[in-house]
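Note that the numbering runs from 1 along the sequence shown for the chain. In each ligand, atom 1 is the first atom listed, and ligand 1 is the first ligand listed.
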Amino acid sequence: MTERRTALVTGATAGIGAAFARELAAEGHALVLVARDRERLAGLAEELPVPVEVLPADLATAEGCDAVAARLADPARPIDLLVNNAGRSLNRSFLRSSVEAEEELLRLNVHAVMRLTLAALPPMVERGRGDIVNVSSVAGFASLSPGSTYPASKAWVTSFSESQAQLVRRKGVRVMALCPGYTRTEFHERAGIDVSRSPSWLWLDARAVVRDGLRDLRRGRMVSVPDWKYKLAVFGMRHAPRGLLQRASRDSRGRIGHEDR
Ligand SMILES: NC(=O)c1ccc[n+]([C@@H]2O[C@H](COP(=O)([O-])OP(=O)(O)OC[C@H]3O[C@@H](n4cnc5c(N)ncnc54)[C@H](OP(=O)(O)O)[C@@H]3O)[C@@H](O)[C@H]2O)c1
């Protein structure tokens, strides 16, 4: 009988995180599910046909990060796969933002990813096996939403993941940044971003994003961009002249429903 592996998924109550939980459960992983909403976590745990531990935590706080970091570093209950997925955006001009809102975004999108990776990676290297998927975004490849700090947070996640991936790749451990484009989840509604005028062909399905991501992880990719249209977009974002990108960003303002900047 093969040994059951354990995955810890943050932001597991909705969207891409819930899709990770379902896909990994279908593969037979035991799960540790993290998010703030205890009841939603328990509901998902009941639905899944594998052993599930729920770990309610607010990853924008030091206490929340400490609790999840302690679980990740517990030598008696090793985690084989960490999915740092919880993340958020803001829908406001930086000129009208607050220190509190910007710090909360950085604590969740950046600090928690660093903190949990630092808790999980050394024991994985010691064991000579383990995987970490950090959910980033195509938004991190260029600043196409003037004034939004979300792309900068995701640029950090992608760069950080690639750097750690290179550090540990010969030690039996894989780290990958998963960079989806627009995906149907609760993300935009939570941020108050109106996407009603965005064309349907832009949108990805969370389950397909997760399947592409897991396939790329197992192929040894350090950065995964699901779907051919977003692969093309990222190629453009990486290679087009900055001036052209800045003009495209000006022309597309308002189309995806960001608040007036
Ligand atoms: N949807 C997209 O178009 C898109 C595109 C590119 C990248 N992404 C990235 O994909 C990741 C997942 O987003 P999603 O689209 O699946 O969003 P979502 O549907 O809004 O789900 C977000 C998840 O994160 C949890 N969460 C939020 N704040 C948290 C906190 N402070 N502490 C712990 N958990 C928290 C939420 O649960 P609770 O409310 O219960 O805490 C929920 O489970 C994010 O990193 C996002 O930046 C999304």
Side-chain angles (χ1 to χ4, degrees), residues 8-23 31-45 54-69 71 83-91 100-101 103-113 115-116 133-141 144-145 148-158 160-161 177-193 195 198 200 202-210 212-213 223-227 229-230 233-234 237 256-258:
L8 185 150
V9 181
T10 72
T13 49
I16 295 170
F20 262 110
R22 293 199 172 90
E23 192 62 27
L31 293 169
V32 183
L33 302 181
V34 178
R36 290 166 302 178
D37 189 328
R38 187 183 291 269
E39 273 177 34
R40 265 184 110 177
L41 281 171
L44 179 60
V54 298
L55 180 43
D58 181 346
L59 292 172
T61 66
E63 307 78 62
C65 282
D66 287 349
V68 181
R71 176 64 188 86
V83 183
N84 275 314
N85 161 77
R88 61 167 305 184
S89 186
L90 297 168
N91 183 27
E100 292 75 25
E103 282 187 348
E104 196 198 338
L105 180 134
L106 286 175
R107 278 200 300 268
L108 182 62
N109 291 13
V110 173
H111 178 268
V113 175
R115 182 80 174 76
L116 302 190
V133 175
N134 292 328
V135 181
S136 186
S137 171
V138 294
F141 289 103
L144 296 180
S145 306
S148 172
T149 50
Y150 174 77
S153 73
K154 292 302 187 180
W156 184 91
V157 174
T158 304
F160 169 75
S161 305
L178 172 59
C179 304
Y182 287 106
T183 308
R184 293 251 177 240
T185 67
E186 297 172 13
F187 179 83
H188 297 91
E189 196 188 327
R190 282 176 194 250
I193 299 169
V195 290
S198 64
S200 58
L202 270 182
W203 291 89
L204 303 177
D205 168 62
R207 200 163 74 154
V209 165
V210 166
D212 282 8
V223 177
S224 166
V225 180
D227 198 90
K229 54 183 173 285
Y230 285 106
V234 166
M237 287 157 108
I256 299 293
H258 289 278

Would you please determine whether [X] falls within less than 4.0 Å of ligand 1 on a heavy-atom basis?
X	answer
Thr10	no
Lys154	yes
Ala57	yes
Arg40	no

For a quick test of reading the model, state the closest non-hydrogen atom pair linking Ile16 to Pro180 and the distance between them.
CD1-CG, 4.0 Å
Minimum heavy-atom separation for Pro226 to Leu178, with atom names?
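Nearest heavy atoms, Pro226 then Leu178: CG-CD1, 3.6 Å.
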Ignoring angles and geometry beyond distance, decide whether [X] reaches within less than 3.5 Å of ligand 1 through its nitrogen or oxygen atoms.
X	value
Ile16	yes
Ala35	no
Asn85	yes

Could you find the nearest protein heavy atom to [atom] and give me its residue, atom name and distance?
atom	result
atom 20 (O) of ligand 1	Arg190 NE, 2.9 Å
atom 47 (O) of ligand 1	Tyr150 OH, 2.6 Å
atom 10 (O) of ligand 1	Val135 CG1, 3.3 Å
atom 14 (P) of ligand 1	Thr185 OG1, 3.5 Å
atom 18 (P) of ligand 1	Phe187 N, 3.7 Å
atom 7 (C) of ligand 1	Ser136 O, 3.1 Å
atom 27 (C) of ligand 1	Arg36 NH2, 3.4 Å
atom 5 (C) of ligand 1	Gly181 O, 3.2 Å

When rounded to the nearest 0.5 angstrom, what distance separates CZ in Arg88 from OG in Ser153?
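If I round to the nearest 0.5 Å, the distance is 11.0 Å.
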Distance col, row Asn109:CG vs Ser89:OG, nearest 0.5 angstrom, shows 8.0 Å
Ring geometry between His188 and Trp203 (parallel below 30°, tilted from 30 to 60°, perpendicular above 60°):
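Correct class here is perpendicular.
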Which of the ligand 1 atoms, numbered from 1, are nearer than 4.0 Å to a heavy atom of His188:
2 (C), 3 (O)
Out of all atoms in ligand 1, which are within 4.0 Å of some heavy atom of Thr13? Include the element for each.
36 (C), 37 (O), 38 (P), 40 (O), 42 (C), 43 (O)
Mind checking whether Ala12 contacts ligand 1 via backbone (N, CA, C, O), side chain (CB onward), both or neither, at a 4.0 Å heavy-atom cut-off?
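For Ala12, only backbone atoms sit under 4.0 Å from ligand 1.
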Which part of Leu108 is near ligand 1, with near meaning a heavy atom under 4.0 Å away: side chain, backbone, both or neither?
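Just the side chain.
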Going by atom types alone, do Thr13 and Asp37 pair a side-chain donor with an acceptor below 3.5 Å?
no
Less than 4.5 Å apart, side chain to side chain, heavy atoms only: is that true for Arg71 and Val34?
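No - every pair of side-chain heavy atoms lies 4.5 Å or more apart.
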